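Comments concern the structure below.
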Amino acid sequence: MSPARAFLGGCCRLSRATGRRLAPSPGPPLRAGWLRYLSACTGGPGEGDMRRYLSAHYSEARRSINEIIPSIPSNMLNPKAIFSNNEMSLENIEIYGFDYDYTLAFYSKDLHTLIFNTARDLLIHEHRYPNELKSYEYDPNFAIRGLHYDVHKALLMKIDSFHYIQLGTVYRGFEVVPDSEVIEMYQGSHVPLEQMSDFYGKSSEGNTLKQFMDIFSLPEMTLLSCVNDYFLKNNIDYEPVHLYKDVKDAIRDVHVKGLMYRAVEADIERYICYGEKTQAVLAKLANHGKKMFLITNSPSSFV
């Protein structure tokens, strides 16, 4: 049995004396390196040799797969298509529910600029932030959905589904933080689950990493980076937690106080994109006797 297979199978060992299979050994200790554990289970080579052994087998397996499966030309894939792993007959579904924002209503790129500018002005006029912040403009290419923000360290970053920080994606303001500094701050690149917010980005007490999942959060991430950038470049001492709270409150007020809704209503052609296909889907459902409902936290008058 190969060392890799022995590990994946639960480290079932063979007696050196009899050649018979022994009972499975317990799983590797949480804090011990699995390579050292694998080596001990199999009586195999040391850690350095094991790394080279596994790396060689991985490269060989990857090469074999690439030979078996031909590469798919990029022009054969529709980037706007939706791919499903399961098939379901919608004929049997009688009731359909829809969200409003970015589901039934599609907004133009000008909306994020509106949210950013309005929240930035709230910081200046209501939270007494420096008037020089008006020199910052919204950059639609800076942030993407799903990023994490370290509230205490004022760092914006990408963390994968295994809770590992993607080195090279950590930003302080608009400056990339060196990998060595990131590893030193977090004692590695793995972030414990208890330090992260839940899937919807809600941070309970003790969570230091807030995840931005909402499309509306793109202006918030950019505004956080702008304010951090201004303070850093002007050598102004500040408390990152209070900065995060102020920006969060400003973004919230753009929605709660109705500032965004009134601006959109005043210029619908600029901010709302006509959903021709959406109307066709709704009409088809209605013509087939399906029931539909809307669930949203947007004001009913606005909807």
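These figures come from a predicted structure and were not determined experimentally.
- In terms of modelled atom types and a separation under 3.5 Å, the side chain of Q211 and the main chain of H148 share no donor-acceptor contact.
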From CA spacing to verdict: side chain to side chain contact (heavy atoms under 4.5 Å, CB included), I295, F98: CA-CA 6 Å; I295 180 168; F98 296 92; over 6 Å; no
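- Put simply, I268 and F106 are part of two different groups of oily side chains (I, L, V, M, F, W, Y) that touch within less than 4.5 Å, one to the next.
- Pairs of residues two or more places apart, or lying in two chains, that qualify as salt bridge (Lys or Arg N to Asp or Glu O under 4.0 Å) and include a residue from residues 286-303 are E94-K290.
- Residue pairs meeting the salt bridge (Lys or Arg N to Asp or Glu O under 4.0 Å) criterion with at least one partner in residues 165-190, sequence neighbours excluded, are R172-E181.
- Residue L224 holds its CG atom at 8.0 Å from CG of L156, rounded to the nearest 0.5 Å.
- A143 and T222 make their closest contact through CB-OG1, 4.4 Å (heavy atoms, listed as atom of the first residue, atom of the second, distance).
- Under a hydrophobic clustering in which Ile, Leu, Val, Met, Phe, Trp and Tyr are joined whenever their side-chain heavy atoms come within less than 4.5 Å, directly or via other members, V247 and Y238 fall into the same cluster.
- The line from CG of L218 to CD1 of I115 is 9.0 Å long, rounded to the nearest 0.5 Å.
- Residues I251 and F216 form no side-chain contact, since every pair of their non-hydrogen atoms from C-beta on lies 4.5 Å or further apart.
- Y164 and I183 are assigned to two separate hydrophobic clusters, defined by single-linkage of ILVMFWY side chains at heavy-atom distances under 4.5 Å.
- For residues 114-124, the pairs satisfying side chain to side chain donor-acceptor pair (under 3.5 Å) are N117-R120, with sequence neighbours left out.
- At a threshold of 4.5 Å between non-hydrogen side-chain atoms, the residues V176 and Y171 count as touching.
- Residues M292 and L294 fall within the same hydrophobic cluster, defined by Ile, Leu, Val, Met, Phe, Trp and Tyr side chains chained together at heavy-atom separations under 4.5 Å.
- In this structure D110 satisfies the salt bridge (Lys or Arg N to Asp or Glu O under 4.0 Å) test together with R270, sequence neighbours excluded.
- Residue pairs satisfying the salt bridge (Lys or Arg N to Asp or Glu O under 4.0 Å) criterion with at least one member in residues 220-231, sequence neighbours excluded, are listed as follows: D229-K233.
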Residue pair V182, L155: steps toward the side chain to side chain contact (heavy atoms under 4.5 Å, CB included) verdict: CA-CA 10 Å; V182 173; L155 299 176; 5.9 Å; no
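- Distance check, rounded to the nearest 0.5 Å: NZ of K284 to CD of Q279 gives 15.0 Å.
- Nearest heavy atom pair, residue P240 against residue V151, reads CB-O, 3.4 Å.
- For E60, the salt bridge (Lys or Arg N to Asp or Glu O under 4.0 Å) partners at least two apart in sequence or on another chain are R63.
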Chi angles and distances behind the side chain to side chain contact (heavy atoms under 4.5 Å, CB included) call for M221, I144: CA-CA 9 Å; M221 286 186 277; I144 61 173; over 6 Å; no
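- In this view, R145 satisfies the salt bridge (Lys or Arg N to Asp or Glu O under 4.0 Å) rule with no residue, not counting sequence neighbours.
- In terms of the side-chain hydrogen bond (donor to acceptor under 3.5 Å, both in side chains) criterion, Y271 has no residue partners (sequence neighbours excluded).
- Between the side chain of T296 and the main chain of Y100, no donor-acceptor pair closer than 3.5 Å is present.
- Y102 is linked by a side-chain hydrogen bond (donor to acceptor under 3.5 Å, both in side chains) to H112, counting only residues two or more places apart in sequence or in another chain.
- By the 4.5 Å heavy-atom criterion applied to side chains, C226 and Y138 are not counted as neighbours.
- Applying the salt bridge (Lys or Arg N to Asp or Glu O under 4.0 Å) test to E126 and every residue at least two apart in sequence or in another chain returns K257.
- From H242, atom NE2 reaches atom CG of D246 across 8.5 Å, with rounding to the nearest 0.5 Å.
- Counted within 6.0 Å of CD on E269, heavy atoms from surrounding residues, nucleotides or ligands total 12 or fewer; the atom is thus considered open.
- For K248, the NZ atom sits in a loose shell: 12 or fewer heavy atoms of surrounding residues, nucleotides or ligands are nearer than 6.0 Å.
- Other residues, nucleotides and ligands contribute only 12 or fewer heavy atoms inside 6.0 Å of the CG atom of D237.
- Between K245 and D249 the shortest side-chain heavy-atom distance falls below 4.5 Å.
- Hydrophobic clustering (ILVMFWY, side-chain heavy atoms < 4.5 Å, transitive): V256 and L114 are in distinct clusters.
- Nearest heavy atoms, P219 versus F116: O-CD1, 3.8 Å.
- Rounded to the nearest 0.5 Å, atoms CG (D101) and CZ (F302) are 6.5 Å apart.
- Scanning both residues, A119 and L223, for their nearest heavy atoms gives CB-CD2, 3.7 Å.
- For D160 (side chain) and F162 (main-chain N/O), a donor-acceptor pair under 3.5 Å exists by modelled atom type.
- Aromatic ring centres of F174 and F142: separated by under 6.0 Å.
- For the pair D99 and L104, the tightest heavy-atom approach, listed with the atom from each and the gap, is O-CG, 3.4 Å.
- Under the side-chain contact (heavy atoms from CB on, under 4.5 Å) criterion, R128 pairs with no residue, sequence neighbours left out.
- Inter-residue side-chain proximity for Y107 and I272 is flagged as met; some heavy-atom pair is nearer than 4.5 Å.
- Here the CG atom belonging to L147 is positioned 11.0 Å from the CD atom belonging to Q166, to the nearest 0.5 angstrom.
- A154 and N228 get closest at one heavy-atom pair: CB-OD1, 3.5 Å.
- Pairs engaging residues 273-294 under the ring-ring contact (aromatic ring centres under 6.0 Å, His included) rule: none recorded [sequence neighbours left out].
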